[in-house]
Asks: 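Sending over a structure as structure tokens; questions will come in a sec.
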Amino acid sequence: MHMHRVEKWWLTAGSAMIVIFLVVIGFSAFAAGMQPPSAEHQMIDPAKVRETAPFDHPGLKQIAANEYELDMIAYVFGYDPAKIDIPKGAVVHFKVTSTDVVHGFEIAGTNVNMMIVPGEISTFTYTFNNAGEFLLLCNEYCGSGHQVMKAIINVKD
Ligand code: CUA
């Protein structure tokens with residue numbers, strides 16, 4: 001079969017690029033230990049969320065002088081707890097999981113925005129520097145009651 005010289009050159013260059021990309025991906029994954037963010041998530045049994053610590057006692061827990069862990073459960077169609085009081089200036093480490101389907105976790109007016117997947121614990125740290133009432137809402141369509149799924153975060157002076 002006759003192959004044009006330029007065609008051969010492109011085939012060689014194309015194959016070389018594929019090999020280079022595979023080597024780069026292989027090196028990143030296996031030698032440099034790079035993983036997608038989801039691989040760092042803690043996994044739990046989504047059917048046993050309410051029996052699994054820390055979700056057996058959801059809510060705000062003080063862990064240091066001005067630092068809190070907020071353990072929350074997302075479910076169809078709400079959050080547990082649905083009302084949270086947080087002192088102004090507190091550093092809050094969110095730990096959230098879902099008991100049923102994929103939900104969103106967005107606090108309007110902040111950069112807190114997570115996807116909550118059943119069986120995975122999503123984490124985020126945020127400092128509430130402004131007092132006021134913040135709306136936590138679900139921004140992933142999760143069923144017929146999606147639009148009523150919310151919680152209120154009250155940041156107090
Ligand atoms: Cu939960 Cu939409």
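These figures come from a predicted structure and were not determined experimentally. Order of appearance sets the numbers: ligands from 1, and atoms from 1 within every ligand.
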Asks: Taking both backbone and side chain into account, is any N, O or S atom of Y141 nearer than 2.8 Å to atom 1 (Cu) of ligand 1?
Replies: no
Asks: Walk me through it: do M114 and F94 pass the test side-chain contact (heavy atoms from CB on, under 4.5 Å)?
Replies: CA-CA 10 Å; M114 298 191 282; F94 292 93; 4.1 Å; yes
Asks: Quick one: angle H146 ND1 - atom 2 (Cu) of ligand 1 - C138 SG, to the nearest 10°?
Replies: 120°
Asks: Could you give the distance from OH (Y75) to CG (D100), rounded to the nearest 0.5 Å?
Replies: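 Going from OH on Y75 over to CG on D100, the span is 10.0 Å.
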Asks: Using 2.8 Å as a strict upper limit, say whether an N, O or S atom of H103 approaches atom 2 (Cu) of ligand 1 that closely.
Replies: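 Under 2.8 Å: H103 has no N, O or S contact with atom 2 (Cu) of ligand 1.
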Asks: List the steps, then state whether side-chain contact (heavy atoms from CB on, under 4.5 Å) holds for H4 with W10.
Replies: CA-CA 10 Å; H4 197 278; W10 277 112; over 6 Å; no
Asks: Answer yes or no: are there more than 12 heavy-atom neighbours, outside K61 itself, under 6.0 Å from its atom NZ?
Replies: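 Result for NZ/K61: enclosed.
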Asks: Of all N, O or S atoms in E140, identify the one at the shortest distance from atom 2 (Cu) of ligand 1.
Replies: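 Closest to atom 2 (Cu) of ligand 1 among those atoms: O.
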